[in-house]
Amino acid sequence: MPVHHPDFVPDPSLSRDEMESQQRAIARHAVFTDDLWFDPALLGDPIARATADASSGPDKDADSANRDDGTAPLVAGVDQSFLLDQDRALSAIVVLRSAGTGWDVVEQVHAVTPLEIPYIPGLLSFREGGAILAAVEELSVEPDLYLFDGSGRIHFRQAGIATHIGVTLDAPSIGVAKNLLCGDPVDSTEGLAAGERVAIGANADVEGPAKLGTDEGDAGSAGDPDWPTIGYAVQSKQYDSPNRHVNPLLVSPGHRVSAATAADIVLAFAAGYKLPEPTRLADAYADEVKAEYR
DNA sequence: GCGACAG
DNA sequence: ATCTTGTCGC
């Protein structure tokens, strides 16, 4: 997991203005379209993956489905928690690999680092990024995709924590948040059934190309180029009865993944819980490790 | 000045 | 995110 963009490694000592301008630079480097060596649609289907590789060869191209050694792509879930000291951040990573009907845990690592700055909406990656990169350094494998807790493109400068870390590592990444930071759902997100989604469009709170600069456009999907789809409200779980309900997740591209694919992948990892397996397991692992730290 | 905001 | 027991509902 080499750092491809040393200049983007989150530095908590930067001024607020420096942080924001760096986010604009990160957004310009970010790719909000699918750019993965494997077909994400086959992530949960071993038979389809084997078939795909048989017809396209073992090379890592867009038609591939498995790694060179024939094993499934590695998907990492990343989650943070904080130690009671209120002065240290703990980042936990769980790496999964599709196996049969479910997934195998390939590796679990964590790192604890000092907290340098307070939580500031929009600047989350500068608070938690250091711990995440420290945990990534503990990995012995290179994940092919990362799922982060927090936003990606659904961000004031289109550079949430999933985008920031994804671009820094130049790895495909997705942001999975429980609350909406900015943007507007194009439709009501109330009463969605499991598996359904509602697009989140950019609004005035989201800086567009004019302020971000001129490199990557949006390439979101069909619609107004000025107000692209920056993510989706994804109903990963829902109750049958009309009495109890679950709020949708807010999924957005981090890097090298489109909004639609990000939503597809999160749903592919839904296993009866609100959070997709990678993130859910990382969350549980973080709690486990945290308990040992006291 | 008011609003408003991931984890 | 964190501080926390019981408790409502499937």
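In what follows, chains are A, B, ... by sequence order, proteins preceding strands, each numbered from 1.
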Just call it for [X]: base, sugar-phosphate, or nothing, with non-hydrogen atoms closer than 4.0 Å on any strand.
| X | value |
| --- | --- |
| A:Ser81 | sugar-phosphate |
| A:Leu123 | base |
| A:Ile161 | base |
| A:Tyr119 | base |
| A:Tyr239 | nothing |

- [ ] Determine: side-chain N/O of A:Asn179 to OP1/OP2 of B:dC5, distance under 4.0 Å, yes or no.
- [x]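 False: A:Asn179 side-chain N/O out of range (4.0 Å or more) of B:dC5 OP1/OP2.
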Task: Interatomic spacing from OG in A:Ser81 to NZ in A:Lys290 - rounded to 0.5 Å - done: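 Answer rounded to 0.5 Å: 5.0 Å.
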Task: Residue whose closest nucleotide on DNA chain C lies nearer the 5' end, A:Lys290 versus A:Arg244 - done: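 The answer here is A:Lys290.
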Task: Most 5' of A:Asp287 and A:Asn243 on DNA chain C, judged by nearest nucleotide - done: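 It is A:Asp287, whose closest nucleotide lies nearer the 5' terminus.
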Using a distance-only test with no angle check, is there a side-chain donor-acceptor pair under 3.5 angstrom linking [X] and [Y]?
| X | Y | value |
| --- | --- | --- |
| A:Glu128 | A:Ser91 | no |
| A:Ser15 | A:Asp17 | no |
| A:Thr279 | A:Asp149 | no |

Separation of atom [atom1] in [X] from atom [atom2] in [N], rounded to whole Å:
| X | N | atom1 | atom2 | value |
| --- | --- | --- | --- | --- |
| A:Glu116 | B:dG7 | CD | C1' | 17 Å |
| A:Lys178 | B:dC5 | NZ | P | 16 Å |
| A:Ile165 | B:dA6 | CD1 | P | 18 Å |
| A:Leu90 | B:dG7 | CG | P | 17 Å |
| A:Arg157 | B:dC5 | CZ | C1' | 11 Å |
| A:Phe156 | B:dG3 | CZ | C1' | 12 Å |
| A:Arg127 | B:dC5 | CZ | P | 19 Å |
| A:Leu250 | B:dC5 | CG | C1' | 13 Å |

Name every donor-acceptor pair, under 3.5 Å, that has one atom in a side chain of residues 110-122 of chain A and the other anywhere in the protein, sequence neighbours excluded.
from     : atom 1 : to       : atom 2 : distance (Å)
A:His110 : ND1    : A:Tyr285 : OH     : 3.2

TODO: Could you tell me whether A:Asp79 and A:Arg280 have a side-chain N and a carboxylate O separated by less than 4.0 Å?
DONE: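 Salt bridge flag = no for A:Arg280 with A:Asp79.
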- [ ] Anything under 4.0 Å to a heavy atom of chain A counts; send over the first and last such nucleotide of DNA chain C, read 5' to 3'.
- [x]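 Boundary nucleotides touching chain A, in 5' to 3' order, are C:dA1 to C:dC10.
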Open item on the list: For A:Cys182, is there any backbone N or O sitting under 3.5 Å from a side-chain donor or acceptor partner on A:Asp205?
Closed with: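 Between the backbone of A:Cys182 and the side chain of A:Asp205 there is no qualifying donor-acceptor contact (under 3.5 Å).
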